[in-house]
Protein chains: 2
Amino acid sequence: METQDLKKAGLKATVPRMKILALLEENKVRHVSAEDVYKALLESGEDLSLATVYRVLTQFEQAGLVTRHHFEGGHSVFELNQGEHHDHILCVKCGRVDEFVDKVIEERQQKIAAEKGYNMTDHSLYIFGICSACQKD
Amino acid sequence: METQDLKKAGLKATVPRMKILALLEENKVRHVSAEDVYKALLESGEDLSLATVYRVLTQFEQAGLVTRHHFEGGHSVFELNQGEHHDHILCVKCGRVDEFVDKVIEERQQKIAAEKGYNMTDHSLYIFGICSACQKD
DNA sequence: TAAGTTAATGAGAATCGTTCGCATTTAGTG
DNA sequence: CACTAAATGCGAACGATTCTCATTAACTTA
């Protein structure tokens, strides 16, 4: 039950929080904006405010349930944390997003951080390109 | 002369553009926001508008003279393209930014893109951590 | 080098995603 | 079931960026 997940994260199990978490867990789309979440919930009959969506997503992020990605134009998209860490490769033409995991890169990053005297906490890697479908146009 | 650089980039050699390019080439700071550029130029006696700074930086980006980095909170910072490509490692406590180049990572990225059927055009890699100075606090 | 054409600029309004303030409602507790 | 703190809704506020449009400056050609 989601109630447990929320409690574990130190968050009260309120209606908006459960609805948002449930939506993310449906996993229809991996990467959603606050606006996406807001609209999807309105459509499914929920009545909540956009401000709440932002608040909740920010709390989820702080609780480690969700990762926020910063995109161009000040947009953020959120992604439920599940399974292993991964990075992203995205198409600059159609916006398609794929994911990948590469141990070699992970290791090199650790090494680089160490060399520079940093205690690595996180990283963000995006590869941009043109996907196979778009190469045909 | 900067005039040449601008012409080469297909841009008229106007006063604001030359001043902004000169400022970036001074290279006092590698990563500047539009606001930084605007203030610095005002202080050095130039009279230009923030809108122009944004316009010019965007044109520089399109011309490949400059790279724009998207940071948290919808902030962008710009960096003059000079020398070789590099990635960034930054301190989440003090905001310090270091740069690095890693051939292994570059190659892996090419390989991953190919595997996923993408024609890679660019990438962005940030390592986050706590720098040596901040580890002591 | 002066006139003409077009693109660039300044100033401020407008936009967009996001956050805030505050009155109201709800969840968890006893 | 009543109580208290925390969560929500609403709309206003915000900050970065972009737009509009009248004015000005930069290349072109004579």
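Proteins get letters first, then strands, A, B, ... in listed order; numbering begins at 1 in each. Keep in mind it's a predicted model, so treat the numbers as computed, not measured. All values below were derived from every heavy atom in this structure, side-chain atoms included, with hydrogens, water molecules and symmetry-related copies excluded.
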Tell me the interatomic distance from [X], atom [atom1], to [N], atom [atom2], rounded to whole angstroms.
| X | N | atom1 | atom2 | answer |
| --- | --- | --- | --- | --- |
| A/Glu46 | D/dT8 | CD | P | 13 Å |
| A/Tyr38 | D/dG11 | OH | C1' | 12 Å |
| B/Lys19 | D/dA26 | NZ | P | 12 Å |
| A/Leu48 | D/dG11 | CG | P | 14 Å |
| A/Phe71 | C/dC16 | CZ | C1' | 18 Å |
| A/Gln59 | D/dA6 | CD | P | 12 Å |
| A/Ile20 | D/dG9 | CD1 | C1' | 13 Å |
| A/Arg17 | D/dG9 | CZ | P | 11 Å |

TODO: Would you tell me if any nitrogen or oxygen in the side chain of A/Thr52 comes within less than 4.0 Å of OP1 or OP2 on D/dG9?
DONE: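 The answer is yes; a side-chain N or O of A/Thr52 sits under 4.0 Å from OP1 or OP2.
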Heavy atoms, side chains only, cut-off 4.5 Å: are [X] and [Y] in contact?
| X | Y | answer |
| --- | --- | --- |
| A/Ile89 | B/Met120 | no |
| A/Leu90 | A/Phe128 | yes |
| B/His86 | B/Glu79 | yes |

- [ ] Measure the angle between the two terminal helix axes of the helix from C/dT1-D/dA30 to C/dG30-D/dC1, five base pairs each, and quote it to 10°.
- [x]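 Computed angle between terminal axes is 30°.
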TODO: Assess the pair A/His123 and A/His85: is the distance between their ring centroids shorter than 6.0 Å?
DONE: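 A/His123 vs A/His85: aromatic centres under 6.0 Å.
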TODO: Starting at the 5' end of nucleotides 18-30 of chain C, put B wherever the base has a protein heavy atom under 4.0 Å, S where only the sugar-phosphate does, and a dash everywhere else.
DONE: BBBB-----BS--
I'd like to know if the side chain of [X] and the backbone of [Y] have a donor-acceptor N/O pair within less than 3.5 Å.
| X | Y | value |
| --- | --- | --- |
| B/Glu46 | B/Pro16 | no |
| B/Gln59 | B/Ala9 | no |
| A/Arg17 | A/Lys12 | yes |

Task: Pair B/Asp98 + A/Lys116: basic N to acidic O under 4.0 Å - done: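 Here B/Asp98 does not pair with A/Lys116 in a salt bridge, since their nearest N and O are not under 4.0 Å apart.
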Task: Least distance between heavy atoms, B/Lys19 atom then B/Leu41 atom - done: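 Looking at all heavy atoms of both residues, the shortest contact is O-CD2, 4.1 Å.
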